[in-house]
Peer 1: 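Pasting a structure here, questions to come.
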Amino acid sequence: MKIICIGRNYAEHAREMKSEIPAEPVFFMKPDTALLKDGAPFYFPDFTNDLHHEIEIVLKISKAGKCIDEKFAHKYYDELGLGIDFTARDIQQQCKQKGLPWEKAKSFDHSAPVGQFIPKSKLKHVNQLDFTLEINGELRQKGNTNDLLFSFDKIIAYVSQFVTLKTGDLIFTGTPEGVGPVKRGDRVIGFLCSEILLDFEIK
Ligand code: MG
């Protein structure tokens, strides 16, 4: 399986990063070794001093497809969850300055913790989902899919022009504003529509 991540998909986050608001989706990938599941603890890596949380809604692809038409894209995922797109911000800055790829900053082992997935059918409208991130009980990020620059369907249609989607692939759909550092000892909890779907500790 592969993990596809959409960058700058919420305008306020693009602004806080002093990045341009993209005219078309921006994506990058993480390998399967980036996955961290089942509430397992995340061990703070040695190579960064500025590790940031990015809470994101994650789609689980339910059937294979290539060049998927946007109007059929909703048929290609049937479960959603929450994940953290962990980002070594200091390394990402260095890569950006040198015009280098971001894998060292974004795709390292366990950089993609995901929680429990729930059926899409349990949710009313996928374009009006509230989600939040709390760290040690304090609200850090709050988003609503209403503010997505590119909808889930548009993302699936766009990405599948370039990369074939397969069953079990995950798509991280972008983070809202409020990204910031984490540290050892933090308890990370993600809520989707007030339900806890993600819960793990940083060690
Ligand atoms: Mg992200």
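In each ligand, atom 1 is the first atom listed, and ligand 1 is the first ligand listed.
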Peer 1: Going through the checks in order, is the ring-ring contact (aromatic ring centres under 6.0 Å, His included) test met by Phe131 and Phe191?
Peer 2: CA-CA 5 Å; Phe131 62 109; Phe191 297 81; over 10 Å; no
Peer 1: Does any donor atom in the side chain of Lys106 or Thr87 lie under 3.5 Å from an acceptor atom in the other side chain?
Peer 2: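 Lys106 vs Thr87: donor-acceptor pair found between side chains.
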Peer 1: Output the atom name for the N/O/S atom of Asp85 with the smallest distance to the Mg ion (ligand 1).
Peer 2: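 The closest N, O or S atom of Asp85 to the Mg ion (ligand 1) is OD2.
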Peer 1: Quick check: of its N, O or S atoms, which one does Glu56 have closest to the Mg ion (ligand 1)?
Peer 2: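 Nearest to the Mg ion (ligand 1) within Glu56's N, O and S set: OE2.
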Peer 1: Classify the side-chain pair Glu79/Ser62 by whether it contains a donor and acceptor separated by less than 3.5 Å.
Peer 2: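 No, no side-chain donor-acceptor contact under 3.5 Å.
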Peer 1: Is the distance between the ring centroids of Phe108 and Phe86 under 6.0 Å?
Peer 2: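 No; Phe86 has its ring centre 6.0 Å or more from that of Phe108.
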Peer 1: Of all the N, O or S atoms in Glu54, which one sits nearest to the Mg ion (ligand 1)?
Peer 2: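 Distance check against the Mg ion (ligand 1) picks out OE1 in Glu54.
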